[in-house]
Structures are given as C-alpha cells and as structure tokens.
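Let me begin by presenting the structure, written as structure tokens, before commenting on it.
The chains referred to below are lettered A, B, ... by the order of the sequence lines, with proteins before strands, and numbering in each begins at 1. Heavy-atom basis, side chains included; hydrogens, waters and symmetry copies ignored.
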Amino acid sequence: MRVRFAPSPTGALHIGGARTALYNWLLARGHGGTLVLRIEDTDRERSTPENVEQILDALRWLNLDYDEGPIFQSARVDRHAAALASLLHAGHAYRSTATADDVRAYKERHGSDRGFRGEPESSGAVRLRVPDAGETVVRDVIRGEAAFANSTLDDPVIARADESPLYNFAVAVDDSDAAITHVVRGEDHLSNTARQLLVLEALGAPEPIYAHLPLLHGPDGRKLSKRHGAASVQELRDAGYLPEAVDNYIALLGAGFAPDEEFFTLAELAERFRLDRVSKNPAVFDERKLRHLDGRHLRALTLDDLTARLQAYTGRTGLRDAAAISAEKIQTLADFWPLVSFLFDGPVEDPAAFAKTIGSDGGAENLAAARDALAGVQPFEPAAIEEALRGVVQARGVKAGKVFQPVRVAIAGQTVSPGIFESVALLGRDEALARIDRALVAAG
RNA sequence: GCCCCCAUGGUCUAGCGGUCAGGACGCCUGCCUUUCACGCAGGAAAUCACCGGUUCGAAUCCGGUUGGGGGUACCA
C-alpha cells in the first residue's frame, strides 16, 4: 500500500487538510504502508516557501511523519512535459485556443449537459480529448460508485499554452509515477477524479483505489477552507491545544473508532482505522469537544512531560510544582497561567473577589483567624495546612468556604486557584502570611 | 444551468431488516466539596429530512421530493 498527502502551499495547513494527512498516516501506519508527501506547487502565483515550511512544521507538530518526500511537483516539469508530449502525439490531447466564453457558447448550442469538444489547432492550451461514448466510473471505498457520462464532461485543459501542467493532469502523472495505490483526499475532489481517471486512461496507467473524505464545515455549514476563517493547525497550537488531542479530535470528525469510547492515542487510532468505515456526511468543527479531549490528554501526560510543555508554551521555567497542583484544573496549556500566575507574580487585582469574600460577612475575622493558625503550622505542608485551617473552621463554627475563600483571595487575589492547601504550601509560610497581612490591612 | 455526493438529538458518531435507536461533547440535577475543575450517579434532548414502494416487519433495501454540500478555472 502506498498513500500520499498532497497539500498545495497556498496557505497554512487547516484542520481539513490536517485530517486528510492524518487519515493517510493512519492508513499507512496501520497497514504497513508507505506515506508519500507531495507539495503541489504548480500554482506559481499563490504557492510560497513560507507556506511549505508552515505545512511541514504543522505535520511535525501533529506527529505525522512520512516515508518519502517531500516531492515538489514543480521539480517534475520534465516528467510532465514527457507525458504531455505522449498524449499529444497519440492524439489523446490537442491544442486549442478556445476560451471559457467559447465553451459557454458551445454549450448554448448543444445543451448545458453536453460537454465541450474543441477542434485541434496549431497553438493554444492543451485539452484532453474526452470520448463521447461510455462513462467514467469513480470506484470509491467510502461512497461506492459514482458514474459520470463522458458526454457531459468538457475536454479539460490539462496544460497552459506554455505547456505548464494544470492540476488534474499533474496529479494523475505524479500519482502514477509514485505508484500510489490509494488516493485518500477530500470530497471536493470527487468530480475532478473523473477527469484524472481519463488522464490515467489516456496514459495507459492503472487506476488507484479512491476514497473521498467528507468535508469539514464551519458553523455556517459551508466548506471549511483557508479563506473561510478555518482554524489552522498553527492557531490551535497557539491556543494551547496538545497535538495528541488535535489528532484525536480531528480523527473523530469523520469516523467512529469504537461504539462507546472516543479517547485515543495516535497508535490506537492507527490500529482501529478502517477506510471503509469513514462517514459520508460532512462534519462541523466543535471546539468545545476539542477542549474536553485536550483536558483528558493533558491529564494523561506525566508530570515531567506536562511541565516541559507548559514551560515551552509560557516561556517560563520552574513550573513543575505549579503544574503538579493545577493539572486537573486546566483543559489547555493556555488555561494554566491565568490560574497560577499569582504564585509567581503576586496576587491579581480583583476588587469584586475581595469584596465578596474578605470584605463581607465576617470574612476579615475568619481570615485573621486563619492567619494565626497558619503561623504555627508545622511542617508547612498541604496536609498540616489543611488540618490547621479545618481547625479554624471548626473553632469559628462557620462553613468551610467562609475560611477558605478569604484565604484564597488573600493569596491569589482571585476566587479561582489550584487547591488552597497546596497553593498556600507552595507559596511558603512567609509569603503566604505577608499576603494575608496585606489583605487584612486592606480590609481595615 | 449542468454533473456528482450527502441526509440519525444543538454538534460528532454507533447502527448495516426485528434495539426501549447506543456512545461522546454541550446542557440540567444531585453527590463529592475549599473556588474552579476532576470524578461519580441521574436527567432533558432524535416522529432516524419528507413522501411512496418492497417486506410479516424498515433508521437500515428501492424510487421520488426537499434541503445541504462539492465540481463545473489556461486554481489546487
């Protein structure tokens, strides 16, 4: 089995492309196949080296490696020229100066379901001669057979007048030369597959097995594309998502991997992936579900691993202890810093939180009592701190939150933080008491 | 316009002739409880787009309709 992922570097890799890459990868890795990476850069206007680098980087980040390539389509001009010459020579293709307007006029004369047929000329773009009889059938592993009556297909332009190849031609030649056995790509290519099949036939090349994946739609129900504000892999990375979660989530957009579980590692996905079980209908990207899966993958990481990622993401060091006490409270790497910044940069400013806890309902008194208890805790560790604070709760006959929340706001400035005992312990006695004293002064 | 594809709760899916239509996210309630989370126990939410047909029996098979999407470039 030889599969390929063939992005065009006309933009960043978005989640639709990432899923196509992932499915090809799962197929290759699950079946001992070979994955070929090909960069389709025949669109010289829009293809850029920066985009190529972006795509390569995104694939690396997603942990999707490949066995051959990257092969640049633009570097294969000789092969394309040779294939074009042979088609021209055999009469399977011809030059034509017909324009889009000419094609339209032709259809007005012959009926809108009648494909355009041109007359061979001595110059112009190169069109493939499509036979009028018969039909071209796309045999698709996911969708079954889609038949196109040849008479309805226009003779497609396969190369510009200067012989530079166009998509439907270059793809067929490149897939054929690379001996690709399974072409797995988005459904937006389904109609074009008929044209590529015709090129393959004219070339006398064998046809690969096709599988057209359902498209990913935005919340507006439209195809997700570079232009449609689609989430790029880079954006998800910047938003603090883990590559494990992104892989897991996008795999789910288009297939079920088990009847009652959706949390999988890349290896588990590869083991379970089946092309013929891919869904036929388009899916809508739901960031909330991604967040959920991200939280689960995050919690599955070892502390060392999580710490390393948190440090890389925040650009800070010495985060291990903070990571340890907040792992179960965050869903993405981005959630981390707002939760624990107070440990490093001092309490955050949140007057409302202060007023609600310390500034009301005996809050200051409870905080003062907590301060005294904390002053004598030995050792200054979570368990002992908890015992001391619960003692205060007991002694003052109030609900636990009446003591804990004022302490939390005194040291963190906000009502949200990792566990209070762990947070106080991590801060250390001196700093914790200093912050509480400051809060007490502020409370008057 | 023409060609092609698709149709299960708000979202992603399981289902492949007989199920109380299963799971996940989200939402709601309760438990846990120190906030937020995590975890656990429940709950609301789908006339399986619609109409015909085949069949003893249809979400599952067939046809049509409607709706959505894609293609129709000297883009990929």
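Look at the P atom in both B:rU60 and B:rG71: the space between them is 30 Å, to the nearest Å. B:rA21 and B:rG26 have their P atoms separated by 26 Å, with the value rounded to a whole Å. Between B:rG15 and B:rG23, the distance separating the two P atoms is 15 Å to the nearest Å. Here the separation of B:rG10 from B:rC36, taken at their C1' atoms, is 26 Å to the nearest Å. B:rC20 and B:rC48 have their C1' atoms separated by 15 Å, given to the nearest Å. Nucleotides B:rU54 and B:rU11 have their C1' atoms positioned 35 Å apart, rounded to a whole Å.
Residues A:Phe5 and A:Tyr23 keep their aromatic ring centres 6.0 Å or farther apart. Side-chain rings of A:His217 and A:Phe285 stay apart, their centers remaining 6.0 Å or farther from each other. Taking the centre of each ring, A:Phe344 and A:Trp337 come in below the 6.0 Å mark.
Which of B:rG23, B:rU35, B:rC74 sits closest to the side chain of A:Thr415 comes down to B:rU35. With B:rC25, B:rC38, B:rC4 as the candidates, the nucleotide lying closest to the side chain of A:His292 is B:rC25. Here the nucleotide nearest the side chain of A:Arg299, chosen from B:rG69, B:rC38, B:rU35, is B:rC38. The side chain of A:Phe404 has B:rU34 as its nearest neighbour among B:rU11, B:rA76, B:rU34. In the set B:rC74, B:rU72, B:rC5, B:rC5 carries the atom at the smallest distance from any side-chain atom of A:Leu190. Taking every side-chain heavy atom of A:Asp188 into account, B:rG71 is the closest of B:rU33, B:rG71, B:rG1. Closest to the side chain of A:Arg195, from the set B:rU72, B:rU34, B:rG70, is B:rU72. Distances from the side chain of A:Leu215 to the nucleotides B:rC12, B:rG69, B:rA7 place B:rG69 closest. Out of B:rU11, B:rC6, B:rU13, the shortest distance to the side chain of A:Asp286 is found at B:rU11. Among the nucleotides B:rC12, B:rG1, B:rA76, the one closest to the side chain of A:Glu40 is B:rA76.
A salt bridge does not link A:Arg114 with A:Glu108: every distance from a Lys NZ or Arg NE/NH1/NH2 to an Asp or Glu carboxylate oxygen is 4.0 Å or more.
B:rA7: Watson-Crick or G-U partner is B:rU66, with both key distances under 3.5 Å. In this structure, B:rC61 forms a base pair with B:rG53, meeting either the Watson-Crick or the G-U wobble geometry with both donor-acceptor distances under 3.5 Å. Across all strands shown, B:rC27 forms a Watson-Crick or G-U wobble pair, both distances under 3.5 Å, with B:rG43. When Watson-Crick and G-U wobble pairs are counted only if both distances are under 3.5 Å, B:rC48 pairs with no nucleotide at all. Pairing for B:rU35 is absent, judged as Watson-Crick or G-U wobble with the two contacts each under 3.5 Å. When Watson-Crick and G-U wobble pairs are counted only if both distances are under 3.5 Å, B:rA14 pairs with no nucleotide at all. Across all strands shown, the partner of B:rG1 is B:rU72, judged by Watson-Crick or G-U wobble contacts whose two distances both fall under 3.5 Å.
Exactly one of A:Val138, A:Leu197, A:Val137 qualifies for a side chain to side chain contact (heavy atoms under 4.5 Å, CB included) with A:Phe148. That residue is A:Val138.
Backbone-only contact: A:Glu145 has heavy atoms under 4.0 Å from sugar-phosphate atoms and none from a base. At a threshold of 4.0 angstrom between heavy atoms, the contacts of A:His189 include nucleobase atoms, whether or not backbone atoms are also involved.
For A:Asn281 and B:rU8, the shortest distance from a side-chain N or O to OP1 or OP2 is below 4.0 Å. Within the 4.0 Å cut-off from OP1 or OP2 of B:rU13, at least one side-chain nitrogen or oxygen of A:Ser279 is found. When the side-chain nitrogen and oxygen atoms of A:Thr42 are compared with OP1 and OP2 of B:rA76, one or more of them lie within a distance under 4.0 Å.
The residue among A:Asp162 and A:Pro282 whose nearest nucleotide of RNA chain B lies closer to the 5′ end is A:Pro282. Nearer to the 5' terminus of RNA chain B, by closest-nucleotide assignment, is the contact made by A:Arg277 (compared with the other of A:Arg277 and A:Val416).
Remark: A:Glu40 pairs with A:Ala6, A:Ser8, A:Arg38, A:Gln73, A:Tyr167, A:Val171 by the side-chain contact (heavy atoms from CB on, under 4.5 Å) rule, at least two apart or across chains.
The distance between atom CG of A:Leu290 and atom P of B:rA24, rounded to the nearest whole Å, is 18 Å.
Under a cut-off of 6.0 angstrom, the local environment of CD in A:Glu261 is crowded, with over 12 non-hydrogen atoms contributed by other residues, nucleotides or ligands.
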